[in-house]
J.: 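Take this structure first; my questions come after.
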Amino acid sequence: MLSALLLLPALWGGFQLDDHLQRFRLLGLGDPSIQLFVFYDGDVAANRGQMEEGTLPWWASPDLRHANFRYLSVLSMQLDYLLWPDSATLMHLHSLVWLGLCVGVAAVLYRRLFGREARGALWAAGLAALLYALDDAHSLPAVYIANRNALLATFFGLLCLECHARWRDDGWRAGGVLAPVSLALSLLSAELGVSTLALLGAWVLVLDRGSWRERLLSLLPHAGVAFGWFLSYRIGGFGAQGSGVYVDPLGDPAGFLALLADRTTALILGQWTPFPADWAFVIDSGTRAAWGLRFATLTLVVGIGWLFFKVLRRSPLARFFLVGAVLSLVPISAVGPQNRLLFFVGFCSMGLLGCLAAGPLDASRRLAFGGLLVFHLLAAPVAAYVFLDVQNRAARRMEAASESVPDDVGLDRHDVILVNPTDSVYLTTSIVTMRWADGRAAPRRLRVLSNGLTDVRVVRVGETELLLEPAAGLFPDPFSRYHRSSERPFRAGDVEELSDLRIEVLEVDPEGGGPSSIRYDFAEPLEAKRYLWMVWNGSRYEKWVPPDVGREVVLRSQPGIFE
């Protein structure tokens, strides 16, 4: 329970980010069904309807799909809203219980694994469990109710391996049944549960006893569960499509492979250094920064290889943890790199450190090991609180964005025009659902014009027309491509027609930043009473007046929601 106790400040985190959309649905104001993690289902007509409302920006891929298969996690949230619908604190406490269970089953599994190798190495199992309990990657799922799915997937995934190991090592027949059941529950909790298959594969390759035929036959029940899950996933229309953040490895293998190197690079740095993987969201592939990130990771991997070389030669357990960590990196690379995805990778990484501690070390390796211990025992808990603070400040900015849209203007009769928000998810499309969930009026429509992470030149070219020129394009960083992949590029001359707005792309950023000059032609003069113009000042929205015809203004860049 150490991990849960350290993260008790999460109890006061309130509702955050996607929590608001799911709260809107779970309170019965939207679709309250089991499809709680289906944000966009790929239906062109439905997406078009959201564009008209403004809950999807005009530049989104027409067939955008972001649909997650997380029924067990949905049930856990429905339980929250059945028992304590108005208490975010108790919902966070529920998440902390699952975090404690994750660390508890990890400790049991470490004890089994290290006990297989040498009874005297059990203290190393305790060290690995302590390091895992303090891992800073656990902080965001503790404070982010919508991310509880990672805790459930990890708990059932590690429980699966424990049951499978007891069955294979001790002949515990119930384990042969409970292991595939646990795998099914892990997969039904989140796509992260696919990493359970990585651990099972590493077990069969490195640690399992018996002939290869016996080893492979032991995986047949798991293969059946995985195949059934995959069929359900495909038949149910789950997966990702058209997004630059979420990629479907099976639906778009080429796109996934193109991103794999950069994303695994960021995830390795996130696991082994104080620099979170999330930083990769602001680094575009192919830039100097991206190459610098790759070089830093290569240097780190070489250093880790040197540090663990001897223990990997003598210890099958160390080789199991290494194979498990590498295989676990692959499925989570389908999502934009984030520390909150590192639960399985972290389990294997802390196990590797336990293996290192259990064996003799020369002076130079002892020094390097000591440095890693200092980081994981002292710096990681501090980093966890930093991540909590960043997440909390982002949540407060999101709330401020909604609060700053005025209530006293007959909002439900107005179209709110957001000129320069710094993202098209949390500071924009969530405004409607947040306000409805709070019982407040919401805009008739939302219109998002640009991205405020870069300077935006605004020129009034007619009574009904504005020309916007974001200096680094509409997509200045990877996260800004959430709604549209770089594989769906815009071209000069592209036109998008909404019922009240015509958008024409005049120029495209040659560096891949998307549209860099955009003409907006509104249905009425820009001074019409139906329009409520607002700009983002870095902490909230404020009212704005478009310039006169022939005049221009420059809106300076603003920090992103997580900065």
Side-chain angles (χ1 to χ4, degrees), residues 100-133 152-187 193-226 308 311-328 343-359:
L101 290 172
C102 282
V103 175
V105 73
V108 171
L109 191 48
Y110 282 134
R111 180 179 176 85
R112 165 170 295 279
L113 294 172
F114 279 92
R116 285 175 104 251
E117 197 154 274
R119 292 294 174 187
L122 289 181
W123 71 272
L127 175 64
L130 175 62
L131 293 170
Y132 191 61
L152 274 71
T154 304
F155 170 74
F156 288 113
L158 296 181
L159 182 63
C160 170
L161 185 59
E162 168 65 16
C163 292
H164 186 80
R166 285 191 64 185
W167 173 48
R168 296 293 294 155
D169 280 353
D170 305 336
W172 186 50
R173 292 186 178 182
V177 175
L178 293 176
V181 170
S182 297
L183 171 61
L185 294 174
S186 180
L187 292 170
V194 174
S195 292
T196 307
L197 299 173
L199 295 190
L200 288 168
W203 170 271
V204 167
L205 288 171
V206 182
L207 290 182
D208 203 358
R209 294 162 180 160
S211 68
W212 281 106
R213 181 176 180 277
E214 290 174 338
R215 297 184 190 192
L216 293 175
L217 285 176
S218 73
L219 287 183
L220 280 180
H222 301 291
V225 168
F308 287 99
V311 72
L312 287 169
R313 288 185 62 186
R314 69 170 181 267
S315 170
L317 181 58
R319 294 194 291 273
F320 161 77
F321 283 128
L322 176 64
V323 173
V326 172
L327 293 179
S328 295
F343 276 82
F344 286 90
V345 176
F347 171 78
C348 294
S349 299
M350 301 314 162
L352 271 173
L353 287 173
C355 291
L356 195 65

J.: Might you point out which heavy atoms bring C355 and V311 nearest each other, and give the distance in Å?
T.: O-CG2, 3.6 Å

J.: Determine whether V323 and W203 make a side-chain contact, defined as any pair of heavy atoms from C-beta on separated by less than 4.5 Å.
T.: no

J.: Counting N and O atoms only, with roles assigned by atom type, does the side chain of R209 sit under 3.5 Å from a partner on the main chain of R168, one being a donor and the other an acceptor?
T.: no

J.: If you look at every heavy atom in C348 and L199, which pair is closest and at what distance?
T.: SG-CD2, 3.4 Å

J.: Take the angle between the ring planes of F321 and F347 and call it parallel below 30°, perpendicular above 60°, tilted in between.
T.: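 If you compare the ring of F321 with that of F347, the planes turn out perpendicular.
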
J.: For the atom pair SG (C160) and CG (L178), what is the distance rounded to the nearest 0.5 Å?
T.: 10.0 Å

J.: For side chain to side chain contact (heavy atoms under 4.5 Å, CB included), just list the numbers for L183 and L197, CA-CA rounded to whole Å, side-chain angles, deciding distance to a tenth of an Å, and then say yes or no.
T.: CA-CA 8 Å; L183 171 61; L197 299 173; 3.8 Å; yes

J.: Heavy-atom distance under 4.5 Å between the side chains of L322 and F308, does that happen here?
T.: no

J.: Between R319 and R313 (side chain of the first, backbone of the second, donor and acceptor by atom type, cut-off under 3.5 Å), is there such a pair?
T.: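 Yes, the answer is positive, given that a donor and an acceptor are paired below the 3.5 Å cut-off.
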
J.: Please check: side-chain N/O of S195 versus main-chain N/O of A198, any donor-acceptor pairing under 3.5 Å?
T.: no

J.: Rounded to the nearest 0.5 Å, what's the gap from CG on L161 to CG on L109? Could you check?
T.: 5.0 Å

J.: What heavy-atom pair brings V206 and P316 nearest, and what distance separates the two atoms?
T.: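 Scanning both residues, the minimum pair turns out to be CG1-O, 3.1 Å.
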
J.: Answer whether the closest heavy-atom distance between the side chains of L187 and T196 falls below 4.5 Å.
T.: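 L187 does not reach T196 side chain to side chain.
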
J.: Which heavy atom in F114 sits nearest to a heavy atom in A128, and how many Å separate them?
T.: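 Looks like CE1-CB, 4.3 Å.
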
J.: Aromatic rings W167 and H164: how do their planes relate, parallel, tilted or perpendicular, breaks at 30° and 60°?
T.: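 Perpendicular: the ring planes of W167 and H164 meet at over 60°.
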
J.: To the nearest 0.5 Å, what is the distance between CG (L200) and NE2 (H222)?
T.: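 Spacing of CG (L200) from NE2 (H222) equals 5.0 Å.
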
J.: Residues two or more places apart in sequence or in another chain: which of them pass side-chain hydrogen bond (donor to acceptor under 3.5 Å, both in side chains) with S218?
T.: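 Once residues adjacent in sequence are excluded, S218 has no partner under the side-chain hydrogen bond (donor to acceptor under 3.5 Å, both in side chains) criterion.
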
J.: What's the spacing between L130 CG and W123 CH2 if we round to 0.5 Å?
T.: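 Output value for this atom pair is 12.0 Å.
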
J.: What I'd like to find out is whether the side chain of L159 reaches to under 4.5 Å of the side chain of L185, using heavy atoms alone.
T.: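 No, their side chains stay 4.5 Å or more apart.
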
J.: Is the shortest heavy-atom distance from the side chain of R166 to the side chain of D169 under 4.5 Å?
T.: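 No. Closest side-chain heavy atoms not under 4.5 Å.
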
J.: Would you give the length of the straight line joining atom CZ of F344 to atom CG of L158, rounded to the nearest 0.5 angstrom?
T.: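 One finds 5.5 Å between CZ of F344 and CG of L158.
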
J.: Using side chain to side chain contact (heavy atoms under 4.5 Å, CB included) as the criterion, list what pairs up with A184, not counting sequence neighbours.
T.: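 Residues passing side chain to side chain contact (heavy atoms under 4.5 Å, CB included) with A184: V225.
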
J.: Do R215 side-chain atoms and D208 backbone N/O form a donor-acceptor pair below 3.5 Å?
T.: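 It does hold such a pair.
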
J.: Spell out, as yes or no, whether a donor-acceptor pair under 3.5 Å connects the side chain of Y132 to the backbone of F343.
T.: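 Yes, the answer is positive, given that a donor and an acceptor are paired below the 3.5 Å cut-off.
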
J.: E162 versus S182: any side-chain heavy-atom pair under 4.5 Å?
T.: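 Not in contact.
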
J.: Quick check: closest heavy atoms across S328 and G324, and the distance to 0.1 Å?
T.: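 Closest approach of S328 to G324: OG-O, 2.7 Å.
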
J.: Report yes if some heavy atom in the side chain of L352 is under 4.5 Å from a heavy atom in the side chain of L312; otherwise report no.
T.: yes

J.: Please report the interatomic distance CG(L356) to OG(S315), rounded to the nearest 0.5 Å.
T.: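 Reported to 0.5 Å precision, the distance equals 10.0 Å.
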
